[in-house]
Amino acid sequence: MIPILRATLVAICLALPAKAADLTVFAAASLGDAMAELAAVWEADTGQGVTLVLAGSSTLARQIDAGAPADIYVSANETWMDWLVTQGRAVPESRVDIASNRLVLVAHDPAAASDADITPNTDIMGALGPAERLAIALPEAVPAGIYAKTALTDLGLWEGLQARLAPTDNVRAALALVALGETPLGIVYATDAKAEPRVVTAGVFPENSHPPIRYPAAVISNSPPPEDASAFVAWLVSPVAQEILSRFGFLPVGMVE
C-alpha cells in the first residue's frame, strides 16, 4: 500500500501546475512608490511574487553587469539601458519605454512655490543665500543629476552653481535633503515633488533644456524565467499599469504638457 500511495502522490504533484518563480526587478529610485503598487497588482493578478531593488540607475546597471541576480531592469534614462544592452546583459528585443517625466526645482519653504518655467534669469544662487547648497543627484552618473546638469548648462546657470552642489547617490536622496531642510533647494523629478509633502515645486525646467526623460524597461539576458520577465515588461505598458503610473504623476512617453 505504501509504494502505491507514494506513486499516487508523485502523480498528483506532477499534475499540478508549477508556481511561477518570483521576479526580481531592479528599478530607478524615482519609480519606487509607483513600482511598489505595480508589483502588488501584478502579484494579486498572477500569484507571482515581485522583489524590488531600488537605487540610482547607474548603480543598478553596474550591479547587473557584475552578476547581480536581476530579471528586469527599469532605468531613468536611455544611456544606462544602452550600456547594458552593449554589455550583452539586457535583451534588446524586450526593451520598451514605459513612462516619461519632468524635471523641477523643489524648495523646503512653502513660500517659494511656483510652476513657472526656469529661465536664464532665474536667481537660484540668490535663493540659496550665501552658504546653502543645491541638492542634486550625482551629475556625472545618475540620470536625474545628468538631466539637471544639462538643463542648468543649457540655461547658462551651471557654471555659477557647480561649486554650491550637495550631490547624492540617487534622486530620492536629493529630495530627502530638501524635505528635511538640510538644503533649501533641490532638482528632482516632478513625480518626486508630488510624492513628498514637505517640499513644494519652485520652478519647472523647460523640456527643451534637456533630453527627454524616459524610463526604458528590459529583460536581463540571464533571467531564469525569461517568459515571465517578458510578460511583466510587456504588462508595464498595459492600460492598467499606465493608469497606476499616471496616478503617481508619470506621463506617457512622448507626452508634452
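Atom set for the values below is all heavy atoms of this structure, side chains included, hydrogens, waters and symmetry mates excluded.
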Requested in this report: Return yes if some donor-acceptor pair links the side-chain N/O of T168 with the main-chain N/O of N170 below 3.5 Å, else return no.
Outcome: yes
Requested in this report: Decide yes or no on side-chain hydrogen bond (donor to acceptor under 3.5 Å, both in side chains) for N101 and Y215, but give the supporting numbers first.
Outcome: CA-CA 8 Å; N101 214 332; Y215 291 79; 3.1 Å; yes
Query raised in the report: When rounded to the nearest 0.5 angstrom, what is the spacing between OG1 in T191 and CG in L245?
Result: 10.0 Å
Report task. Mind checking salt bridge (charged side-chain N to carboxylate O under 4.0 Å, His left out) for R247 and listing every partner two or more places apart, or none if nothing turns up? Result -> E37, E243
Query - Considering all heavy atoms, the nearest A135-A174 contact - result: CB-O, 3.5 Å
Query raised in the report: Atom CG in L84, atom CD1 in I64: separation rounded to 0.5 Å?
Result: 5.5 Å
**Report entry** Contact check, side chains of K149 and E140, non-hydrogen atoms, under 4.5 Å
**Finding:** yes
Query raised in the report: Is any side-chain heavy atom of T59 less than 4.5 Å from a side-chain heavy atom of D169?
Result: no
Query raised in the report: Same cluster or not: are V171 and I124 linked, directly or through other Ile, Leu, Val, Met, Phe, Trp or Tyr residues, by side-chain heavy atoms under 4.5 angstrom apart?
Result: yes
Requested in this report: Rounded to the nearest 0.5 Å, what's the gap from CZ on F26 to OG1 on T51? Could you check?
Outcome: 10.0 Å
Query raised in the report: Going through the distances and angles, do F250 and Y189 end up as a side-chain contact (heavy atoms from CB on, under 4.5 Å)?
Result: CA-CA 10 Å; F250 290 93; Y189 298 123; over 6 Å; no
Query - Side chain S57, main chain S75, donor-acceptor under 3.5 Å - result: no
Query raised in the report: Are T46 and F232 close enough, and set up right, to give a side-chain contact (heavy atoms from CB on, under 4.5 Å), and what steps lead you there?
Result: CA-CA 10 Å; T46 67; F232 183 84; over 6 Å; no
**Report entry** V50 side chain reached by L38 side chain, heavy atoms, under 4.5 Å
**Finding:** no
Requested in this report: Measure from the side-chain N and O atoms of W42 to the backbone N and O of L236, and report whether any donor-acceptor pair falls under 3.5 Å.
Outcome: no
Requested in this report: Any pair with a residue in residues 113-128 that passes side chain to side chain donor-acceptor pair (under 3.5 Å), sequence neighbours left out, goes on the list, sorted by first then second residue, please.
Outcome: none
Query raised in the report: Same cluster or not: are I220 and W235 linked, directly or through other Ile, Leu, Val, Met, Phe, Trp or Tyr residues, by side-chain heavy atoms under 4.5 angstrom apart?
Result: no
Report summary line: For L157 and P120 the tightest heavy-atom approach is CD2-O, 3.6 Å
**Report entry** Intermediate values then yes/no, side-chain contact (heavy atoms from CB on, under 4.5 Å), V199 and L175
**Finding:** CA-CA 8 Å; V199 307; L175 178 70; 4.0 Å; yes
Query raised in the report: Closest approach of P216 and D97, non-hydrogen atoms and distance?
Result: CB-OD1, 3.4 Å
Report task. Test L161 against I136 for side-chain contact (heavy atoms from CB on, under 4.5 Å), laying out the working first. Result -> CA-CA 11 Å; L161 288 169; I136 182 176; over 6 Å; no
Report task. Please tell me if the side chains of S100 and I213 come closer than 4.5 Å, counting only heavy atoms from C-beta onward. Result -> no
Query raised in the report: Is the backbone of V178 close enough, under 3.5 Å, to the side chain of H108 for a donor and an acceptor to pair up by distance?
Result: yes
Query raised in the report: How about V104 and V188: do any of their side-chain heavy atoms sit closer than 4.5 Å?
Result: yes
Report task. Quick one: pull up NZ in K194 and CG in D33 and give me the separation to the nearest 0.5 Å. Result -> 11.0 Å
Query - Side-chain heavy atoms of E43 within contact of D22, under 4.5 Å - result: no
Query raised in the report: Taking atom CE of M35 and atom CG of L54, what is their separation to the nearest 0.5 Å?
Result: 8.0 Å
Query raised in the report: By salt bridge (charged side-chain N to carboxylate O under 4.0 Å, His left out), which residues pair with R133, not counting sequence neighbours?
Result: none
Requested in this report: Give, for atom OG of S94 and atom CD1 of I72, the distance between the pair rounded to the nearest 0.5 Å.
Outcome: 9.0 Å
Report summary line: Nearest heavy-atom contact between W80 and A141 is NE1-O, 2.8 Å
Report task. Check for a donor-acceptor pair, side chain of S221 on one end and backbone N or O of R89 on the other, with a separation under 3.5 Å. Result -> yes
Query raised in the report: If only atom types and distance count, is the side chain of Q242 paired as donor or acceptor with the main-chain N or O of I98 below 3.5 Å?
Result: yes
Requested in this report: Group every Ile, Leu, Val, Met, Phe, Trp and Tyr by side-chain heavy-atom contacts under 4.5 Å, then state whether V204 and Y147 land in the same group.
Outcome: yes
**Report entry** Side chain D71, main chain V25, donor-acceptor under 3.5 Å
**Finding:** no
Query - L103 reachable from W158 in the ILVMFWY side-chain graph, under 4.5 Å edges - result: yes
Query raised in the report: Can you tell if the side chain of L185 reaches within under 4.5 Å of the side chain of L128, non-hydrogen atoms only?
Result: yes
Query - Side-chain heavy atoms of R164 within contact of L134, under 4.5 Å - result: no
Query raised in the report: If two hydrophobic side chains count as joined below 4.5 Å and joins carry through other members, does I146 share a cluster with W83?
Result: no
